[in-house]
Amino acid sequence: MKYERIKGTQDVFGEEVNYWYFIEENARMVANLYGYEEIRTPIIEPTELFVRSVGEETDIVQKEMYTFTDKGGRSITLRPEGTAPTVRAFIENSLINEGLPQRFFYIGPMFRYERPQAGRLRQFHQFGVELIGSAHPSADVEVLLVAKHFLDRIGVRDYVVHLNSIGCPRCRPTYRQKLKEYYESHFDQLCDDCKRRLNTNVLRLLDCKIDAALAEGAPKSFEFLCDDCRAHYEELKQRLIDLKFEFVEDGTLVRGLDYYTRTVFEVRHRELGAQNTILAGGRYDGLFEELGGQSTPALGFASGIERLILTLKNQGVQVARKEKCSVYIATLGLKASIEGFRIAEELRKKGVSVVTDVNDRKLNAQLKHANKLGAKLAVILGEDELARSIAHVKLLENFTQVEVSLDVVVEYVIELLRSRT
Ligand code: ATP
Ligand code: MG
C-alpha cells in the first residue's frame, strides 16, 4: 500500500522551509511594527459561522467548504478564511471590554475544495490582519499601509493595488438594481451559475471567472454611493494620494465574500497569471452584528503565503539559507560517543547548534555528513583522544586541525565560532 498526500496539499521541506520562515518572520515583524497582536483560533468551526458571514451565495459556501458531521452530530467546517473566526472569537471572549480599537493578526492554514493548480491549493496558508473598532478612513489607510509595508519588506515587486468602494446596505440596492439591468441585457452570454445568481446575489457576477469580460463594461459601484460612503471613499483616496500610496481605482472590484461594506481592495501581481491576487481585503462594518455581537466597524486583509512564495521565486528572490548546524561531533567507540553527547549538551546550553553521530559510523562517513550539513567545525573524539583527555577540533572549510584539552573544549569551540563570524 502506497500512501499519497491529499490532492491540493503540499509537503514543505528542505530549502522550501526557508521561504516559509522568511515570510512568517517578516509577517510577525511588520504586524508588530503597527501594533497588531497575534490571535490563534481553531481550525474547525461550526459550519453556520461561515454560512452566515461569508454568505450562502458565494463560491466558498456553495462549493469550497470542507464540511463534515462529527461524532456528536454537529456540522463542522475546516475554516476557509480567517476573518469570521476572529470576529467570532472577539465576540465570544467579550474582547470589546478591552476597549477599541484593537489590532490582530493571524498566520495559519485555510481549507477550500478548489481545483488545484499553481497558486491554488486545497490547504493553503494566509497571513491576515484585522483592525477592529474604527469606521474612520484613516483605519483603511493603516491597513493598506500594513499590506504595502509587508509586501515591500519581503521584496515583492511589480504589484498593483486595486481599490473600490461597494457602499453600504443603504446605497447598495441602487447599485444592485443597475447591475441587474446590465446583466439582464447580456443574459444569453452568462454562464449557468451567473444566470441563477442574477436573482440571488448579483454582485457575485462581477467576481465570476468565466464571465470576466462582461464585468469590464458593467456599472461601477463607486458611482452609486450614498453621501456617507462617498465621503469615506473620497477621504480614503485623498489620504492615499497625499501619502504617495499608489493604487488604481477599480469600480467593478467586489470580493468573493458577502460581508464586505465600503472599501474593498486586491493586490495583484503582474506576472502570476490567473492566480495573480496575492493579497485581498476590505471593510466589514456589518459583520459583528450579523454574528450576534455589538455593532463594530472593522476591516482587514489576508495574503496567500503560497502565492507570495511563487512570486518571490519568479522574481529570483533568494532567502537567507539557515545552516543546519554549526558543530558536528564525530566520535568513535562507546566511551567517546558518551563523552561526545556530554560536550554536545554543554554547547547547546550555550546556544550552539550541534549534531552528533547516531549511527556508529566510520570517521570518514561522519565528516562527510558534517560537510553536508554545512557545519563550520568538527570535534573529533576517539579512543586515543579520550585516553589523552583531548579532542581534535577541525575547521571544515580548510581542514586545519588543533588539539584541545577536554576541560576547555566547549569554551574553545565557542571562541573559535565567534572569531569566524
Ligand atoms: P481567488 O479569486 O484567487 O479565488 P479569493 O478571492 O477566493 O481568491 P480571498 O478569499 O480573498 O481569495 O483570500 C485572500 C488571499 O488568499 C487570496 O488573495 C490568495 O492570495 C489566497 N488564496 C485564496 N484562495 C487560495 C487557494 N485556494 N490557494 C492558495 N491561495 C489562496
Ligand atoms: Mg477563491
Side-chain angles (χ1 to χ4, degrees), residues 6-10 12 19-20 23 27 50 53-55 57-66 77-87 105-130 143-144 146-148 150-151 154 156 159-164 166 193 197 201 203-212 215 250 252-260 263-284 287 299-314:
I6 303 287
K7 203 171 151 193
T9 66
Q10 281 184 330
V12 178
Y19 282 92
W20 286 84
I23 288 179
F50 300 111
S53 57
V54 173
E57 278 294 328
T58 58
D59 280 355
I60 292 181
V61 169
Q62 296 233 317
K63 308 177 192 161
E64 299 174 358
M65 291 207 300
Y66 275 92
T77 292
L78 304 188
R79 63 178 187 196
E81 58 99 50
T83 299
T86 303
V87 171
F105 78 91
Y106 58 83
I107 300 176
M110 306 294 161
F111 303 84
R112 296 184 195 177
Y113 193 78
E114 304 206 62
R115 205 163 62 75
Q117 48 203 294
R120 191 173 294 287
L121 292 136
R122 291 183 173 173
Q123 175 175 338
F124 63 101
H125 297 73
Q126 287 182 337
F127 159 53
V129 310
E130 314 290 355
V143 167
L144 283 163
V146 179
K148 180 176 160 51
F150 168 64
L151 294 175
I154 61 176
V156 177
Y159 61 81
V160 181
V161 178
H162 294 249
L163 183 71
N164 191 20
I166 56 170
D193 267 351
R197 286 185 293 209
N201 194 345
L203 251 64
R204 287 278 68 75
L205 272 65
L206 293 170
D207 206 31
C208 177
K209 305 236 154 50
I210 305 164
D211 296 332
D250 188 343
T252 58
L253 172 67
V254 292
R255 308 275 308 107
L257 305 89
D258 278 353
Y259 52 61
Y260 287 110
T263 313
V264 292
F265 55 89
E266 275 190 12
V267 180
R268 298 190 194 141
H269 195 267
R270 288 208 178 90
E271 282 159 28
L272 227 51
Q275 274 62 252
N276 66 349
T277 306
I278 49 176
L279 185 151
R283 187 167 266 292
Y284 47 91
L287 186 55
L299 84 159
F301 72 70
S303 181
I305 297 181
E306 286 83 357
R307 287 188 198 176
L308 292 174
I309 292 176
L310 283 176
T311 310
L312 294 182
K313 285 182 175 171
N314 279 351

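Since the structure is predicted, the reported quantities are computational estimates derived from the model, not experimental observations. Ligands are counted one by one from 1 in listed order, and the atoms in each one are counted from 1 as well.
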Undergrad: Could you go through the side chain to side chain donor-acceptor pair (under 3.5 Å) check for T83 and E130 one step at a time?
TA: CA-CA 7 Å; T83 299; E130 314 290 355; 2.8 Å; yes
Undergrad: Quick one: does ligand 1 sit under 4.0 Å from the side chain of D59, the backbone, both or neither, non-hydrogen atoms only?
TA: neither
Undergrad: Using a heavy-atom cut-off of under 4.0 Å, does the side chain or the backbone of D207 touch ligand 1, or both, or neither?
TA: neither
Undergrad: Check whether any N or O atom of L257, backbone or side chain, sits under 3.5 Å from an N or O atom of ligand 1, and answer yes or no.
TA: no
Undergrad: Are side-chain heavy atoms of F127 and F105 found at a separation under 4.5 Å?
TA: yes
Undergrad: Looking at side-chain heavy atoms only, is the closest gap between T252 and D250 below 4.5 Å?
TA: yes
Undergrad: Taking atom types as modelled and ignoring hydrogens, do the side chains of E306 and Y19 form a donor-acceptor contact shorter than 3.5 angstrom?
TA: no
Undergrad: Measuring from the heavy atoms of M110, does anything fall under 4.0 Å of ligand 1?
TA: no
Undergrad: Would E81 count as a contact of ligand 1 if the rule is a heavy atom under 4.0 Å away?
TA: no
Undergrad: Would a distance-only check, ignoring hydrogens and angles, find a side-chain to backbone donor-acceptor pair under 3.5 Å from R307 to G119?
TA: yes
Undergrad: What protein heavy atom lies closest to atom 9 (P) of ligand 1? Include the residue and the distance to one decimal.
TA: R255 NH2, 3.4 Å
Undergrad: Side chains of T77 and Y66: does their closest heavy-atom pair fall under 4.5 Å?
TA: no
Undergrad: Q275: heavy atom below 4.0 Å from ligand 1, yes or no?
TA: no
Undergrad: Give the atoms of ligand 1, by number and element, whose distance to some non-hydrogen atom of T277 is under 4.0 Å.
TA: 17 (C), 18 (O), 19 (C), 20 (O)
Undergrad: Would you indicate which of R120, Q123, R268 comes nearest to atom 4 (O) of ligand 1 when only heavy atoms are counted?
TA: R120
Undergrad: For side chain to side chain donor-acceptor pair (under 3.5 Å), just list the numbers for Y259 and E81, CA-CA rounded to whole Å, side-chain angles, deciding distance to a tenth of an Å, and then say yes or no.
TA: CA-CA 12 Å; Y259 52 61; E81 58 99 50; 2.4 Å; yes
Undergrad: A280 heavy atoms, cut-off 4.0 Å: which ligand 1 atoms fall inside?
TA: 11 (O)
Undergrad: What part of K209, side chain, backbone, both or neither, has a heavy atom within less than 4.0 angstrom of ligand 1?
TA: side chain
Undergrad: Just going by heavy-atom distances, which of L121, L279, T83, T58 is nearest to atom 28 (N) of ligand 1?
TA: L121
Undergrad: Specify side chain, backbone, both or neither for Q126, according to which of its non-hydrogen atoms lie closer than 4.0 Å to ligand 1.
TA: side chain
Undergrad: Compute the shortest N/O to N/O distance between R307 and ligand 1 and return yes if it is under 3.5 Å, no if not.
TA: yes
Undergrad: Output the list of atoms in ligand 1 that are nearer than 4.0 Å to some heavy atom of E114, sorted by atom number.
TA: 24 (N), 25 (C), 26 (C), 27 (N)
Undergrad: Validate the cation-pi geometry between R122 and Y113: distance from NZ or CZ to the six-membered ring centre under 6.0 Å, angle to the ring axis within 45°.
TA: yes
Undergrad: Run through T263, V264, L206 and flag the one making a side-chain contact (heavy atoms from CB on, under 4.5 Å) with N164.
TA: V264
Undergrad: Are any of the N or O atoms of R112 closer than 3.5 Å to those of ligand 1?
TA: yes
Undergrad: Give me the residue, atom name and distance of the protein heavy atom closest to atom 30 (N) of ligand 1.
TA: F124 CD1, 3.4 Å
Undergrad: E306 versus ligand 1: do any nitrogen or oxygen atoms come within less than 3.5 Å of each other?
TA: no
Undergrad: Is E266 salt-bridged to R255, going by a charged N under 4.0 Å from an acidic O?
TA: yes
Undergrad: One thing to verify: whether R197 and D211 come together as a salt bridge, which I'm taking to mean a side-chain N less than 4.0 angstrom from a carboxylate O.
TA: no
Undergrad: Quick one: which ligand 1 atoms are inside 4.0 Å of a heavy atom on A302?
TA: 14 (C), 15 (C)
Undergrad: Please report the C-alpha distance between D193 and R204 in whole Å, then the side-chain angles of each, then the deciding distance to 0.1 Å, and finally whether the salt bridge (charged side-chain N to carboxylate O under 4.0 Å, His left out) criterion is met.
TA: CA-CA 10 Å; D193 267 351; R204 287 278 68 75; over 6 Å; no
Undergrad: Looking only at distances, please establish whether an N/O atom of ligand 1 is found under 3.5 Å from an N/O atom of G304.
TA: yes
